[in-house]
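Structure first, then comments.
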Amino acid sequence: MTQKTGGLLARVLAAFPAGPNSYPVRNPATGSVIAQVANVGNAQAVTEAVERAALVHPHNSADRKAMLARWYSLFLLHIDDLAHIATLESGKPLAEAKGEVQYAASYIKYYADLEIAGKTIISPHSLNKTRLWTVKQPVGPCALITPWNFPYAMAVRKISPAIAAGNACILKPAPETPLSAFAMKLLANDAGIPDDAFQILSADRQNAVDVVGKVLMADTRIRKVSFTGSTNAGISLMQQAATTMKKASMELGGNAPLIIFEDADLNQAVDGCMFGKFRNAGQACIAVNRIYIHSKIHNEFVSKLAEKIKILRVGDGLNNKTTVGPLITKTSVDRVAALVSSSLESGAQLVFQSSLSNELQASGGYFYPPTLLTNVTDDMEIFKTEIFGPVAAVSTFDTEEDVVRRANDTPFGLAAYLFTNDIARLHRVAENLEAGMVGLNECAISAAVAPFGGVKMSGIGREGSSEGIEEYLETKYLCLAV
Ligand SMILES: NC(=O)c1ccc[n+]([C@@H]2O[C@H](COP(=O)([O-])OP(=O)(O)OC[C@H]3O[C@@H](n4cnc5c(N)ncnc54)[C@H](O)[C@@H]3O)[C@@H](O)[C@H]2O)c1
Ligand SMILES: O=C[C@H](O)CS(=O)(=O)O
């Protein structure tokens, strides 16, 4: 066991030296380099990791549960250090980083406790002198590829079911947030999870694609790929994984509509919108992207929303007054700024935009001010793409039929949200929305016990809940003559 507070980052830097080939990890709140980390750039290193993973003994289920239970305890014991590391490299406010550590830990606990079992099957007449049943077996070594927006939670909701199911895994964390991954691995090893059962290959953007991704996808010993990130990257990984017929889970981009009907509790809807839109500065795959508000309540909603946006505090996530941190990169800031500019040029109205202090402007950080746009139309780019930034974009509607059609008029189908007090409408619209998850009078929907995932171009498979472990298991059918 390591000590309770302090020193985890120092341990990480000592345990994972950059070596001769390295790349810099930056603090998005200042643009300055936090650390140099290993940049895996040769195929041999990836193949060696696969060899080690392929030789890992799965242990028995009770041992795996005990390791996960210890990892869970260590996560919570080190919550302050883990949160600090995530804030340093992802920019999110410390309070949100702590929330993420708790959320990530809840997946470890869930999968430590989950029982894995096959089933017995009643023999049909055609096989009447038999006994039939299934057993669940580990799928085999897993390649896990994760984004920077929730560096712990997105990784842990893959690693913990993979290990609970008896697999070894190789994590390729986002180039922007490898330190969180290394910190998790240190604690996993402290908890008894063998070094080779959870390996990490860190790489810059280019090597991630050209070396790590390519070699992992081409290796027949890797039997499973689980990816969270953009839809384009997911398509490329699916195509590569097909050549070695890997089992694949893809948690991809979204374009979540938030529909607020005229009978909704407006204060509840505004609070839901604030959480769904501004959590992690809008950088969540289930972030509210298109706000559809009934025209009768538009003005009241917009003025209430503007009041809440005005009190957001933009800043360095390490400052405990900050509620909106920086975006992950300068490229992200430029992308969000371009979306807002093109919306305004096409007729959207700027209702409110926070101003960034001189200090923040001079900080070198990647800040974008919280912004509220109205008069947004479906043909604008901002409604067609993931904003991934702190911009609330509002449109109006008049009929249920029209708004459901518009909400579904996207290639994506991850999350959707609706607010209404009409119970029949609530059921009807929830069933008609093309999404893997629907929040009803609620925008905080993520939990380890719930199956997370999308339809259409938002992906394949589910994470969390009992569905989540099936992604890491094979079902073997047994037929015994009696
Ligand atoms: N669904 C999500 O949670 C999520 C997360 C991050 C980004 N995004 C979306 O993607 C946009 C771009 O962000 P990004 O560039 O960080 O996302 P990305 O999809 O390019 O990268 C996410 C992760 O996948 C890795 N990756 C990408 N292509 C790969 C390949 N061919 N082989 C191996 N690894 C590969 C990256 O190194 C990173 O670890 C964002 O603006 C946002 O719209 C969505
Ligand atoms: O970005 C992906 C998910 O939205 C993160 S969470 O599971 O909702 O926290």
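Both ligands and their constituent atoms are indexed starting at 1 by order of listing. Only a predicted model underlies this, so the values are computations on that prediction, with no experimental measurement involved. The first residue in the sequence is number 1, and the count goes up from there. Side-chain atoms are counted along with the backbone in the values below, which use heavy atoms only and exclude waters and symmetry mates.
Residue-level proximity to ligand 2 for N149 is carried by the side chain, the only part with a heavy atom below 4.0 angstrom.
The 12-atom threshold is exceeded at CE of M274, counting heavy atoms of other residues, nucleotides or ligands nearer than 6.0 Å.
Between R157 and ligand 2, at least one pair of N/O atoms sits closer than 3.5 Å.
In summary, the side chains of R313 and S354 do not present any donor paired with an acceptor at a separation below 3.5 Å, with no hydrogens or angles considered. Y368 and Q353 are linked by a side-chain donor-acceptor pair at a separation below 3.5 angstrom, with hydrogens and angles left out of the test.
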List, pair by pair, the atoms of ligand 1 and of the protein that are both N or O and lie under 3.5 Å apart, giving the separation rounded to 0.1 Å.
from     : atom 1 : to   : atom 2 : distance (Å)
ligand 1 : 1 (N)  : G229 : O      : 3.3
ligand 1 : 1 (N)  : L252 : O      : 3.4
ligand 1 : 3 (O)  : N149 : ND2    : 3.4
ligand 1 : 15 (O) : R205 : NH2    : 2.7
ligand 1 : 16 (O) : W148 : NE1    : 2.7
ligand 1 : 19 (O) : S230 : N      : 2.8
ligand 1 : 19 (O) : S230 : OG     : 2.7
ligand 1 : 37 (O) : K172 : NZ     : 3.1
ligand 1 : 39 (O) : T146 : O      : 2.8
ligand 1 : 39 (O) : K172 : NZ     : 3.1
ligand 1 : 43 (O) : E386 : OE1    : 2.7

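Y103 OH, 2.7 Å is the protein heavy atom nearest to atom 7 (O) of ligand 2. Protein heavy atom in closest approach to atom 8 (O) of ligand 2: S446 OG, 2.6 Å. The protein heavy-atom contact nearest to atom 2 (C) of ligand 2 is C285 SG, 2.4 Å.
By the ring pair (Phe, Tyr, Trp, His ring centres under 6.0 Å) test, F182 is found to be paired with F16, residues two or more places apart in sequence or in another chain being considered.
For ligand 2, the atoms sitting less than 4.0 Å from at least one non-hydrogen atom of A284 are 1 (O), 4 (O), numbered in the order shown with element in parentheses. In summary, the atoms of ligand 2 found under 4.0 Å from a heavy atom of M154, numbered by their order in the structure, are 2 (C), 5 (C), 7 (O). Interface of F452 with ligand 2, defined as ligand atoms under 4.0 Å from a residue heavy atom, comprises 3 (C), 4 (O), 7 (O), 8 (O).
Heavy-atom separations between R279 and ligand 2 include at least one value shorter than 4.0 Å. Not a single heavy atom of E100 sits less than 4.0 Å from an atom of ligand 2.
No salt bridge links E471 with K247; every basic N to acidic carboxylate O contact stays at or beyond 4.0 Å. Salt bridge status for K98 with D80: present, with a side-chain N to carboxylate O gap under 4.0 Å. Checked for salt-bridge contact, E176 and R205 meet the test: a charged N lies under 4.0 Å from a carboxylate O.
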Full working for salt bridge (Lys or Arg N to Asp or Glu O under 4.0 Å) between D378 and R290:
CA-CA 9 Å; D378 294 343; R290 293 171 289 155; 5.8 Å; no
Worked check of side chain to side chain contact (heavy atoms under 4.5 Å, CB included) between I193 and W71
CA-CA 8 Å; I193 294 174; W71 194 28; 4.0 Å; yes
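Below 30°, between 30° and 60°, or above 60°: for Y111 and Y107 the angle between ring planes is below 30°, a parallel geometry.
Note that the OG1 atom of T371 and the NZ atom of K277 stand 10.0 Å from one another [nearest 0.5 Å].
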